[in-house]
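Take a look at the structure below.
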Amino acid sequence: MRAPRVAPNFITDIIERDLAAGKYPQVVTRFPPEPNGYLHLGHTFASFLDFQTAVQYGGRYHLRMDDTNPEGESMEYAEAIQDDLRWLGWDWGEHLYYASDNFERYYEYAQQLIRQGDAYVDSVSAEEMARLRGDATTPGTPSPYRSRSVEENLDLFARMRAGEFADGAHVLRGKIDLASPNMKLRDPVFYRILRGHHYRTGDAWCIYPMYDFQHPLQDALEGVTHSMCSLEFVDNRAIYDWLMERLGFDPRPHQYEFGRRGLEYTVTSKRKLRRLVEGGYVSGWDDPRMPTLRAQRRLGVTPEAVRAFAAQIGVSRTNRTVDIAVYENAVRDDLNHRAPRVMAVLDPLLVVLTNLPEGEGETRVLSLPYWPHDVIRDSPDGLVALPSGERVPPERAVREVPFSRELYIEREDFSPDPPKGYKRLTRGGTVRLRGAGIIRADEVETDEAGNVTTIYATLLGEDAKAAGVIHWVSAPHALPAEFRLYDRLFRVPHPEGDHPDDLAPDFDPERLSHENEAAPLDAGFLRFLNPQSLRVTRGYVEPSVAGDPQDTRYQFERQGYFWRDPVDSREDALVFGRIITLKDTWAKEAGKDAPKAGAKAPQPAPKAEAPQTTGHKPQPAPLTPEQEAEVARLTGLGASPADARTVARDPALLAFLAGARPGPTFGQVASWTVNDLAGPLRAGAVRVGVADLAPLAERLASGELTTRVARDVLARAAASGEAPLAIIEREGLGAGLDEGALAAAVAEVLAAHPDKVEAYRGGKTALLGFFTGQVMRATGGKADPAKVAAALREGLGG
RNA sequence: AGGGAUAUGGUGUAACGGCAGCACAACAGAUUUUGGAUCUGUUUGUCUAGGUUCGAAUCCUAGUAUCCCUGCCA
């Protein structure tokens, strides 16, 4: 099986650039969970991205326990995380790191910052610090301790470590910028005093480093090159970069942020998951309905399926919630080729074949294939697996299935009052028993409540006809078993959203965020628990499974994928858990009028299109009187009103345009300034002077130049500082394109793309843009677009 | 509110300024001794309004919506 790959994304783009530029000899990434909980499907995405990216670029990946906060962290979690990741198939070799192993080194770096005057010991209370930090609109004010001397800071910091102070009495803060609009930069805390017992370092430390200080250092110490994290850390990147610069790491890691991925019909917040466990809503962290990896593992999902899922959800810079169908598809797709088919009846109904002889000796033994024709057909080596794993020719991939006078069929597979389109057994009707022949239901026995208890049927000859096929097991031979039928834990796709009426979830995935442990837990999600998420039935499974390996995953035909519950199933008391149902188009069809529990909620009615019609027209941004005056001056000079407004509001553009020559070229120069140079201008990346633009505008106006050439040259001039006209002279771009050259270019393009030409003639006229682009490129932009269009139309017309 | 980030079908994700593609879902048909799988086909999309350009999902301007930041959590 081909290993799933991370799809190209903005981070792989960066990596490819870095590698091409020789910035790093090799890619090094890391996955840095905090050992204070179990991994869940959301982490799968992050770990897959971290690890698989490194694999694909021939680099290495690290697993790191981000264990800098003694509260809540434990060895049990650290080991569970490793176990889950190994189960997923990752192997980090010797590259397992614990942040706590480097406490001493962090401490030394902190001292260095103090010596450099970049950090200080603050001694105000937490509340006071919050107050002094200011808020979004008011800059922070310095703490009275901000100006302590290096010596005093060093001394205090050492005594903090020595345990001379009470928890919270002092902190070490970076001295960055109290007035920064980025709140993260307002002197972030680097160290706090905390007498917590750390699961690895015990009581060796009573000061602990904060994430913002520790994480960048740890990345650098490990030699990480590309440090990926989720979106809520964008603001923290400023600290990351500041530390790298102050501490002089070179080469240094860089942080890149990606959007988180949630999954429909579940929650991935650690606290909410804990609530489910502690509230007894599930049986534990490994309850198969939980999204934790442990639970999915117990459910019977394979690591390959989980990885395939991770690969299928794309990477972007937006938090998103993924359609549950994507996960289910990955699980089914994996199991379809992995799970041998056998039969089990979950909700049994007795059928007596009255024309078969009674007695023990009258059992027939059928040899039925484990695999359907299509799996056999698609097998790459022509072999298929036995439950033992041995691969054998299809004719040997069979099991013995007893067939006798008394059978069980699925209660659902008989209907005394069949709905339209029903293809199973009915009163007097026929149905095929998988692999055993066609039967007709002759008589139906019911109890006093009217429930069907027994069906008396006749086994017909092979010339009989039946519309449907059902599964069955031989009653005297079948193995009794408990079946656990799992369904989604929540009834609604977005249990974390607030929806007054459950049907139109008003949920925005952007709300997915890192947890705020300080805020109270919103337990509203519990309202949406699916009361039918676990249904337990007792039924029978065919006897062939008795000899199979315990971890065999089966497809119980027409029911779904099952395996033995690894915790509760015993040899003499089988418990099969349903990994996932088969897709069921009949249920969908039959349920159209009466939606069944567990069926996906109907699509919410399309949100009323925001009726922009009555709405506000976007008002032009208000200008100050000075700006209004500027607009008037600029339009007087020949700039368009829109350009004038843009320039008047932007100091960078205004300054650039200040030196522009009045006259006929002014309008064009202003337009270029706004449309072509605004970005680079603000970034300070424009090296050409405004005076050089007027001559270019003149050339353009005279018709010697195409717009395309002018703008290309302008962009290059802006970047290099060379005068545009100089570039034109040097490269001969001023020379026009003669008719012959144009015709040749057109002919060449058409000849090079016969398929596209045909498609165009076949009606795909949108291709005109493609051809135009090709000709423009071939001619270096020198072709007159109008002439190109004409030539193209002529060439394509015939 | 100050700063930051984001916006492409139902969902997720692509597209050097030039064919809006892929996956899942949905729908239709073929096939089928699983109402599974497979195969074929179809529907649905560039947040809004202006501008630049022969040509804009992409560049410029304004607006809208949502999320993040103001823990001694990570």
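Letters go in sequence order (proteins before strands), and every chain restarts at 1.
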[X] side chain near [N] phosphate (N/O to OP1/OP2, under 4.0 Å):
X: A:Arg320; N: B:U13; answer: yes
X: A:Arg133; N: B:C72; answer: yes
X: A:Lys588; N: B:G35; answer: no
X: A:Lys583; N: B:U34; answer: no
X: A:Arg261; N: B:U13; answer: yes
X: A:Ser316; N: B:U6; answer: no
X: A:Arg341; N: B:U34; answer: no
X: A:Arg237; N: B:G4; answer: no

**OP:** Any chance you could lay out the side chain to side chain donor-acceptor pair (under 3.5 Å) test for A:Tyr211 and A:Asn236, step after step, and finish with the verdict?
**Re:** CA-CA 10 Å; A:Tyr211 169 88; A:Asn236 304 60; 6.0 Å; no
With a 3.5 Å limit on both atom pairs, tell me what [N] is paired to, counting Watson-Crick and G-U wobble, or say none.
N: B:C39; result: B:G29
N: B:U66; result: B:A5
N: B:U11; result: B:A23

Quick one: [X] [atom1] to [N] [atom2], roughly how many Å, whole number?
X: A:Glu758; N: B:C19; atom1: CD; atom2: P; answer: 20 Å
X: A:Ile438; N: B:U34; atom1: CD1; atom2: P; answer: 12 Å
X: A:Arg377; N: B:A37; atom1: CZ; atom2: P; answer: 13 Å

Remember a base hit wins even if backbone is also touched, and classify [X] as base, sugar-phosphate or nothing at under 4.0 Å, heavy atoms.
X: A:Val788; value: nothing
X: A:Gln555; value: base
X: A:Lys764; value: base
X: A:Arg173; value: nothing
X: A:Asn329; value: sugar-phosphate
X: A:Glu34; value: sugar-phosphate
X: A:Thr68; value: sugar-phosphate
X: A:Phe556; value: nothing
X: A:Val647; value: nothing
X: A:Gly72; value: nothing
X: A:Ser125; value: base
X: A:Arg432; value: base
X: A:Met129; value: base
X: A:Val171; value: base

Write down the distance separating the [atom1] atoms in [N] and [M], rounded off to the nearest Å.
N: B:C54; M: B:C59; atom1: C1'; answer: 16 Å
N: B:C47; M: B:A57; atom1: C1'; answer: 12 Å
N: B:A49; M: B:U64; atom1: C1'; answer: 10 Å
N: B:C69; M: B:A1; atom1: C1'; answer: 14 Å
N: B:A26; M: B:G9; atom1: C1'; answer: 12 Å
N: B:G63; M: B:A28; atom1: C1'; answer: 42 Å
N: B:A25; M: B:A15; atom1: C1'; answer: 22 Å
N: B:G18; M: B:G41; atom1: C1'; answer: 29 Å

Sort me out a list of protein N/O and nucleotides 52-56 of chain B N/O pairs below 3.5 Å, or just none if empty.
| unit_1 | atom_1 | unit_2 | atom_2 | d |
| --- | --- | --- | --- | --- |
| B:U52 | O4' | A:Asn675 | ND2 | 3.4 |
| B:C54 | OP1 | A:Thr707 | OG1 | 3.3 |
| B:C54 | N4 | A:Arg708 | NH1 | 3.3 |

**OP:** Please step through side chain to side chain donor-acceptor pair (under 3.5 Å) for the pair A:Arg341 and A:His471, ending with a clear verdict.
**Re:** CA-CA 11 Å; A:Arg341 274 55 167 177; A:His471 58 277; over 6 Å; no
Original post:
Given B:A20, B:C72, B:U34, which nucleotide is nearest the side-chain atoms of A:Ala126?
Top reply: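 The answer is B:C72, which lies nearest to the side chain.
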Original post:
Which nucleotide, B:G35, B:A1, B:G71, lies nearest any side-chain atom of A:Thr137?
Top reply: B:A1
Check: [X] ring centroid to [Y] ring centroid under 6.0 Å:
X: A:Phe556; Y: A:Phe562; value: yes
X: A:Tyr240; Y: A:Phe233; value: no
X: A:Tyr191; Y: A:Phe157; value: yes

Original post:
Are A:Trp586 and B:G35 stacked, counting the six-membered base ring, centres under 5.5 Å, planes under 30°?
Top reply: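 Yes.
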Would you say the side-chain atoms of [X] and [Y] include a donor-acceptor pair closer than 3.5 Å?
X: A:Thr137; Y: A:Asp135; answer: yes
X: A:Asp643; Y: A:Ser640; answer: yes
X: A:Gln255; Y: A:Glu257; answer: yes

Side-chain-base donor-acceptor pair under 3.5 Å for [X] and [N]:
X: A:Asp584; N: B:G36; result: no
X: A:Asp235; N: B:G3; result: yes
X: A:Arg332; N: B:G36; result: no

**OP:** Evaluate side-chain contact (heavy atoms from CB on, under 4.5 Å) for A:Asp413 paired with A:Trp472, printing each intermediate quantity in order.
**Re:** CA-CA 10 Å; A:Asp413 287 339; A:Trp472 54 276; over 6 Å; no
Original post:
Any cation-pi pair here, A:Lys756 with A:Phe770, using under 6.0 Å and within 45°?
Top reply: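 Yes, A:Lys756 and A:Phe770 form such a contact.
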**OP:** Pick out which of A:Phe31, A:Tyr327, A:Phe258, A:Phe309 makes a ring pair (Phe, Tyr, Trp, His ring centres under 6.0 Å) with A:Phe45.
**Re:** A:Phe258
Original post:
When you check the glycosidic angle of B:G71, does it come out syn, meaning within 90° of 0, or anti?
Top reply: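 Syn, since the glycosidic angle lies within 90° of 0.
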